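Take a look at the structure set out below.
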Number of protein chains: 2
Amino acid sequence: MSWRKDQGRAERGYHHGNLKEALLQAALDLISKKGPAGFTFADAARMAGVSPAAPYRHFRDRDELIASIAQRGFEQFESLLTQAWDDGRPDTVTAFERVGKAYLAFAREEPAFYSAMFESGLPVDSNPTLMAASERAFAIIRAAAERLAALAPPGMPRPPAMMMALHIWAMSHGVASLFGRGDAARRKLPMSPEDLLEAEVLIYLRGLGFPTDRRPGTAAADDKPAGERSGPWGKPK
Amino acid sequence: MSWRKDQGRAERGYHHGNLKEALLQAALDLISKKGPAGFTFADAARMAGVSPAAPYRHFRDRDELIASIAQRGFEQFESLLTQAWDDGRPDTVTAFERVGKAYLAFAREEPAFYSAMFESGLPVDSNPTLMAASERAFAIIRAAAERLAALAPPGMPRPPAMMMALHIWAMSHGVASLFGRGDAARRKLPMSPEDLLEAEVLIYLRGLGFPTDRRPGTAAADDKPAGERSGPWGKPK
DNA sequence: AGCTCATGTGAACGGCTTTTACATGAGCCG
DNA sequence: CGGCTCATGTAAAAGCCGTTCACATGAGCT
């Protein structure tokens, strides 16, 4: 709700003052209220106070508006992930988990962006700049995975960073998509999506042999002596 | 394929010979072709050879048709998962992975069902029988997780089966949703979605302390040096 | 001032969803 | 067989949406 619309002084456009921006804002509002399917082009125009034909001066069609929103979403997403990753501070594992939480936070706090990005049904590769934005966002996760992979304990095969990144992305998206959204409309859980994802990531990292000093679940306390940290496939000798 | 009257069977209804079934079939076709958003009630009616108002004798509205399809999808899904799990044969871990693959196979081979179930945007709890079907399907995963949790190594705290089931579900759904569908329209991967998910599940299970030798052999078969028996992502360099 | 082009309007077309009044024919009962 | 009833399908219409097109308007430049 709190968006920087207050300083529209400088950019007074032609008739409306920039309509394009107003349409994007209206679409965001509508999508967050009724989902990307329920959003209508005409409604956005009405909300901006223009005729139903006006939006066509700024977007080829309805899909292009949604794609624009998705692209902005990816940009904001990238920025959020970058901030969460914080170049791996204070330590790689902690920062990595923070990225996962940022993923969930984004899905929850920006449902309009999120659904435009992942649930709108439009092909990712329709717009090349959209795909580029998507890849830039994913690059953050990939970079984080790269750093993490470099930390893999010696004496065992190093996990491919790309694969780790895809795994983390899939976990985050899975949790967000199934349980993450909405105060109401989703399935009920024994724990919060955040805790669920955190536990999942920790177990996963432990499976790769990373020292995960924190406890992986609410129920599981400080679980293992330091000597038994690695998986059964390659004990450090 | 004509859904008209070439099925001269005993089940001839009133005028059309059961229209309800024909509509469901038509909807499945349309959804698999154009996604749940692109599917139109009128098209289904046309494909069934009836007037646009006829479907309203069988479904309250368009959403109820989609919900019907989602429900059937969950039933078929449950059946598929049950079959894949096969009561944990030949061993629990193998059967568990097979369930994950079945998840992906379903998403790929029944995109219409899958998208009606997970991407149609209709609230899961709108229809109580729909939610029940969804929970029955999830119960298979949960039962499998239960069996797996019972096998946890004695030295470690036993992971909550419910949490494991949710983790597996999230992984499977995440992979399926991001990379699983389509010969064309998704992001490009360094490995198949099946392999990606299998590796993810194996790493996860290893993180829980499970022996994850892929071959249905003994659990204690790793007195080999680390790295000889390949990890979940193949041979290390 | 006058030109030009981006921006917005009004009207229109076709399609979709849904409702309403009406038609039809299947199954049943006497 | 005749007639009743109700489920099933039709026709028509209202209302909305996406999209297009001819036309209006006013911003900024010369």
Side-chain angles (χ1 to χ4, degrees), chain A residues 8-31 33-70 116 120-123 126-127, chain B residues 2-5 7-27 29-31 33-69 116 120-122 126-127:
Chain A
R9 287 290 115 77
E11 285 293 340
R12 215 67 190 152
Y14 284 77
H15 300 132
H16 175 279
N18 55 3
L19 176 59
K20 186 164 185 170
E21 205 56 34
L23 287 173
L24 287 167
Q25 289 299 334
L28 266 182
D29 263 27
L30 290 170
I31 291 178
K33 267 181 214 145
K34 311 193 297 182
F39 152 75
T40 88
F41 219 31
D43 251 343
R46 208 170 299 130
M47 189 169 296
V50 294
S51 80
Y56 289 85
R57 297 294 174 197
H58 300 275
F59 303 95
R60 195 168 5 82
D61 56 13
R62 184 176 170 281
D63 280 355
E64 194 181 276
L65 207 183
I66 296 186
S68 280
I69 289 183
S120 60
L122 48 84
S126 62
N127 194 338
Chain B
S2 50
W3 313 103
R4 296 297 300 252
K5 316 186 170 179
Q7 265 216 3
R9 291 247 318 267
E11 279 305 326
R12 243 172 199 320
Y14 281 78
H15 300 134
H16 175 279
N18 56 0
L19 177 59
K20 187 163 186 170
E21 205 57 34
L23 287 173
L24 287 168
Q25 289 299 335
D29 260 28
L30 290 169
I31 292 178
K33 268 181 214 145
K34 311 194 297 180
F39 152 76
T40 87
F41 220 32
D43 251 344
R46 209 170 300 131
M47 190 169 297
V50 295
S51 79
Y56 289 84
R57 296 292 175 199
H58 300 276
F59 303 96
R60 196 171 3 80
D61 56 14
R62 185 177 169 281
D63 280 356
E64 193 181 277
L65 207 183
I66 296 186
S68 279
I69 289 184
S120 61
L122 49 83
S126 62
N127 194 338

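Predicted model, so just to flag it, every value in this text is computed and none were measured. Naming: A, B, ... by sequence-line order, numbering from 1 per chain.
Closest approach to the Ala53(A) side chain among dT19(D), dT20(D), dG9(D) is made by dT20(D) (side chain taken as heavy atoms from C-beta onward).
What you find for Pro36(A) and Ile31(A) is that their closest heavy atoms are N-CG2, 3.9 Å. Here the shortest heavy-atom pairing between Ala45(A) and Pro52(A) reads CB-CA, 4.1 Å. Heavy-atom minimum distance, Ala22(B) versus Ala48(B): CB-CB, 4.3 Å. In terms of heavy atoms, Ala27(B) sits closest to Ile69(B) at CB-CD1, 3.4 Å.
The stretch residues 55-66 of chain A touches DNA chain C through Arg57(A), His58(A), each having a heavy atom within less than 4.0 Å of the strand. Using a 4.0 Å cut-off on heavy atoms, the residues of residues 40-51 of chain A that approach DNA chain C are Val50(A), Ser51(A), listed by number.
Evaluation of the salt bridge (charged side-chain N to carboxylate O under 4.0 Å, His left out) test over residues 34-60 of chain B, restricted to residues two or more places apart or in two chains, returns Lys34(B)-Asp43(B), Asp43(B)-Arg46(B), Arg60(B)-Glu64(B). A ring-ring contact (aromatic ring centres under 6.0 Å, His included) check over residues 40-60 of chain B, counting only residues at least two apart or in different chains, returns the pairs Phe41(B)-Tyr56(B).
In the helix from dA1(C)-dT30(D) to dG30(C)-dC1(D), the terminal helix axes, each the rotation mapping four pairs' C1' atoms onto the next four within five end pairs, subtend 10°, rounded to 10°.
Looking at Leu24(A) and Ser68(A), their side chains come closer than 4.5 Å, going by heavy atoms from C-beta outward.
Scored by the side chain to side chain contact (heavy atoms under 4.5 Å, CB included) test, Ala26(A) finds Ala44(A), Met47(A) as partners (sequence neighbours excluded). With sequence neighbours left out, Ala37(A) forms a side chain to side chain contact (heavy atoms under 4.5 Å, CB included) with no residue at all. With sequence neighbours left out, the side chain to side chain contact (heavy atoms under 4.5 Å, CB included) criterion links Ala54(B) to Leu19(B), Val50(B), Ser51(B).
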